[in-house]
**Student:** 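Got a structure for you, written out below as structure tokens; questions coming shortly.
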Amino acid sequence: MSEQIVKSSHSLILDNRSVLTLTGVTDVQGFDEQTVNLVTDVGALVVKGEMLHINKLNLESKDVQIDGKINSLQYMGQSTKSIKSKLFR
């Protein structure tokens, strides 16, 4: 039997630091007006800013759009759960 390797795709477009459009998002682990924690095909992503709102969320097509003032984007590896568990010991 041969195994098929499925390549995953992830992209992001930041428009004028106010609209962030992402593809390849598999989960939203949590969010508030200052932080959005996402899991993408290439690892966890933390979006920080002000007055953040998830405008579009479709996990079937893996698309997310976030509105607000985007201050930073940081990839954290495969999951942010380990980081949270370290913080709350």
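Quantities reported herein were computed from a predicted structural model and do not represent experimental measurements.
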**Student:** Could you pull out all donor-acceptor pairs under 3.5 Å where a side-chain atom in residues 68-76 meets a protein atom, sequence neighbours excluded?
**Tutor:**
from	atom 1	to	atom 2	distance (Å)
N71	OD1	R17	NH2	2.9
Y75	OH	H10	NE2	2.6

**Student:** Would you name the heavy atoms of L59 and V25 that are closest together and state the gap between them?
**Tutor:** CD2-O, 3.8 Å

**Student:** What's the shortest heavy-atom distance between T23 and S11, and which atoms?
**Tutor:**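 Nearest heavy atoms, T23 then S11: OG1-OG, 2.7 Å.
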
**Student:** Between M51 and Q34, does the side-chain contact (heavy atoms from CB on, under 4.5 Å) criterion hold? Intermediate values first, please.
**Tutor:** CA-CA 6 Å; M51 298 179 64; Q34 290 83 33; over 6 Å; no

**Student:** Would L57 end up clustered with V47 when hydrophobic side chains under 4.5 Å apart are linked, directly or stepwise?
**Tutor:**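 Yes, same cluster.
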
**Student:** To the nearest 0.5 Å, tell me how far Q29 CD sits from L45 CG.
**Tutor:** 11.0 Å

**Student:** Walk me through whether N16 and S18 qualify under side chain to side chain donor-acceptor pair (under 3.5 Å).
**Tutor:** CA-CA 5 Å; N16 205 26; S18 63; 4.8 Å; no

**Student:** Let me confirm one number: the NZ-CG distance from K56 to L22, rounded to the nearest 0.5 Å.
**Tutor:** 10.5 Å

**Student:** Do you know which of D27, I54, I66, T26 makes side-chain contact (heavy atoms from CB on, under 4.5 Å) with L38?
**Tutor:**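 Looking at D27, I54, I66, T26, the match for L38 under the side-chain contact (heavy atoms from CB on, under 4.5 Å) is I66.
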
**Student:** How close do V36 and D32 get, heavy atom to heavy atom, and via which atoms?
**Tutor:**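 What the structure gives for the nearest pair is CG2-O, 4.5 Å.
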
**Student:** Under the side-chain hydrogen bond (donor to acceptor under 3.5 Å, both in side chains) rule, collect the residues that match up with T21, sequence neighbours excluded.
**Tutor:** Q65

**Student:** Less than 4.5 Å apart, side chain to side chain, heavy atoms only: is that true for T35 and L52?
**Tutor:** no

